[in-house]
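Below is one structure. I have some questions about it.
Predicted, not measured: the structure shown is a model, and the values here were computed from it.
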Amino acid sequence: MKNTASQLRAALLAASLAAAGAAQAQSANIDFTTIGTAPTSGTLSNGVNWSVTAPGTWQHITSEGQNYYHYSINQGQTQTWTFSQPVDLTFSVAGLNCANEAIRFGGGTVSVVSLNAAHTWTAGTQTVSHSSSNVASDGPLQSSFTMGNTTSLTLTGVNASCVRGLVSLAVTTVA
């Protein structure tokens, strides 16, 4: 009887550890080079389904000696990313180089991971912006952010009729 109880405890412990491992968060990146122009959708390697509304396209920027890429959004446009389950997001933006050019985020509470010195963060409106002057060389500069436990992310292009956008978007399942 004692041996059976020990085996049962061992089996329960193994099942518990396996379940804990299965519950661990898994991260996957949106591959902007392959997703095409919005609206579009797909499934990540971690099983999360995603979709993005128009506008949006992976754009190669070559302007005034600058050379970089981002998934573009313009002034007055709102791009919405939607996910099939609650996720944690880590994302970076670039292309903020025109006077007062900005991106306003929505869908949850955004936290700053790193803010480039050429960018300004306004927490109350969840807006990252460029300084007040045009500096073409600031276009490739990136700032990074996180958003936890959300099913959507919106980006709205604010001020300046310039192009800006996401350069990376990592999607992590919520354990």
Flag, side chain of Q126 to backbone of G108, donor-acceptor distance under 3.5 Å =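 Flag set: sc Q126 to bb G108 pair under 3.5 Å.
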Just checking, any donor-acceptor pair under 3.5 angstrom between side chains of N49 and T43?
->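 T43 and N49 do have a side-chain donor-acceptor pair below 3.5 Å.
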H60 side chain to N67 side chain, donor-acceptor N/O pair below 3.5 angstrom |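 Yes - a donor-acceptor pair under 3.5 Å links their side chains.
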Transitively linked via ILVMFWY side-chain contacts under 4.5 Å: F105 with I30?
->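 Hydrophobic grouping puts F105 with I30.
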Those residues that, when tested against T33, pass side-chain hydrogen bond (donor to acceptor under 3.5 Å, both in side chains) (two or more places apart) |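 Counting only residues at least two positions away or on another chain, T33 forms a side-chain hydrogen bond (donor to acceptor under 3.5 Å, both in side chains) with D31.
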Write down the atom of C98, the atom of H130, and the distance for their closest heavy-atom approach.
->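 Heavy atoms only, the tightest pair is O-ND1, 3.3 Å.
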What's the shortest heavy-atom distance between A102 and T127, and which atoms?
->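 In terms of heavy atoms, the two residues are closest at CB-CG2, 3.6 Å.
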Side chains of Q75 and V158: does their closest heavy-atom pair fall under 4.5 Å?
->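 No; the side chains remain at least 4.5 Å from each other.
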Report yes or no: does N100 contribute a side-chain atom to a donor-acceptor pair with the main-chain N or O of N159 at less than 3.5 Å?
->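 Here the side-chain-to-backbone pair does not exist.
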Joint hydrophobic cluster, L169 plus V113, side-chain heavy atoms closer than 4.5 Å |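 Result: no, two separate clusters.
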Considering all heavy atoms, the nearest G148-D88 contact |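 In this case the closest contact between G148 and D88 is CA-OD1, 3.3 Å.
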Reported OG1-to-CD1 distance for the pair T154 and I103, which is rounded to 0.5 angstrom =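 The OG1 atom of T154 sits 11.0 Å away from the CD1 atom of I103.
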Shortest non-hydrogen contact from V167 to V93?
->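 That would be CG2-N, 4.1 Å.
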Stepwise side-chain hydrogen bond (donor to acceptor under 3.5 Å, both in side chains) check, S72 with T57 = CA-CA 6 Å; S72 298; T57 189; over 6 Å; no
Where do Q79 and L166 land on the side-chain contact (heavy atoms from CB on, under 4.5 Å) test, with the steps shown first?
-> CA-CA 10 Å; Q79 185 180 90; L166 289 168; 4.1 Å; yes
For the residue pair L153 and T80, establish whether any side-chain heavy-atom pair is separated by less than 4.5 Å.
->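 Contact flag for L153/T80 side chains = no.
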Does some side-chain heavy atom of T172 sit less than 4.5 Å from a side-chain heavy atom of V87?
->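 No; the side chains remain at least 4.5 Å from each other.
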Taking every non-hydrogen atom, the tightest pair across R164 and N74 |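 Heavy atoms only, the tightest pair is NH2-C, 4.0 Å.
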Exercise: identify the closest heavy-atom pair between D138 and A118 |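 What the structure gives for the nearest pair is OD2-CB, 3.6 Å.
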Does L141 belong to the same Ile/Leu/Val/Met/Phe/Trp/Tyr cluster as L96, with side-chain heavy atoms less than 4.5 Å apart forming each link?
->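 Shared cluster, no.
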With E101, which of C162, S161, S131, S129 fulfils side-chain contact (heavy atoms from CB on, under 4.5 Å)?
->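 Filter result, single survivor: C162.
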Taking atom CG of L89 and atom OG of S111, what is their separation to the nearest 0.5 Å?
->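 If we round to the nearest 0.5 Å, L89:CG and S111:OG are 11.5 Å apart.
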Inter-residue atom distance N116.CG - S92.OG, 0.5 Å rounding =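 Answer for the CG-OG pair, N116 versus S92, is 11.0 Å.
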Is there a path from V128 to V163 through hydrophobic residues (I, L, V, M, F, W, Y) whose side chains come within less than 4.5 Å of each other?
->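 Hydrophobic grouping puts V128 apart from V163.
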Below 4.5 Å, heavy atoms only, C-beta onward: do Q85 and V48 meet side chain to side chain?
->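 A side-chain contact under 4.5 Å exists here.
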Could you tell me the separation between the CD atom of Q59 and the CD1 atom of I73, rounded to the nearest 0.5 Å?
->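 Interatomic distance, Q59 CD to I73 CD1, rounded to 0.5 Å: 12.0 Å.
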Looking only at atom types and distance, does a side-chain atom of T173 sit under 3.5 Å from a main-chain N or O of Q26, one as donor and one as acceptor?
->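 Yes, because the side chain of T173 sits within donor-acceptor range (under 3.5 Å) of the backbone of Q26.
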In chain order, what residues pass the side-chain hydrogen bond (donor to acceptor under 3.5 Å, both in side chains) check against T109, with sequence neighbours excluded?
->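 Partners of T109 under the side-chain hydrogen bond (donor to acceptor under 3.5 Å, both in side chains) test: none.
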Shared hydrophobic cluster for W50 and F145 (ILVMFWY, side-chain gaps under 4.5 Å) =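 Both belong to a single hydrophobic cluster.
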Give the ring-plane orientation class for F83 versus W81, where under 30° counts as parallel, over 60° as perpendicular and anything between as tilted.
->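 Judged by the thresholds at 30° and 60°, the geometry between F83 and W81 is parallel.
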Residues L155, F91; criterion side-chain contact (heavy atoms from CB on, under 4.5 Å); working and verdict = CA-CA 11 Å; L155 299 93; F91 54 96; 5.6 Å; no
Ring centroid separation F32 to Y69 under 6.0 Å |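 Judged by ring-centre distance (under 6.0 Å), F32 and Y69 do not meet the cut-off.
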Would you check if the side chain of T122 reaches a backbone N or O of G124 as a donor-acceptor pair within less than 3.5 Å?
->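 No, because the side chain of T122 does not come within donor-acceptor range (under 3.5 Å) of the backbone of G124.
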Say you draw a straight line from CZ of R104 to OG1 of T78; how long is it, rounded to the nearest 0.5 Å?
->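 That separation rounds to 7.0 Å.
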Ignoring hydrogens and angles, tell me if any N or O in the side chain of T150 forms a donor-acceptor pair with the backbone of G107 under 3.5 Å.
->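 Yes, T150 side chain to G107 backbone: donor-acceptor pair under 3.5 Å.
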Looking at side-chain heavy atoms only, is the closest gap between V171 and L44 below 4.5 Å?
->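 They are in side-chain contact.
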Please examine the side chains of W121 and V110, heavy atoms only from C-beta on, and report whether any two atoms are closer than 4.5 Å.
->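 Yes, at least one pair of side-chain atoms sits under 4.5 Å.
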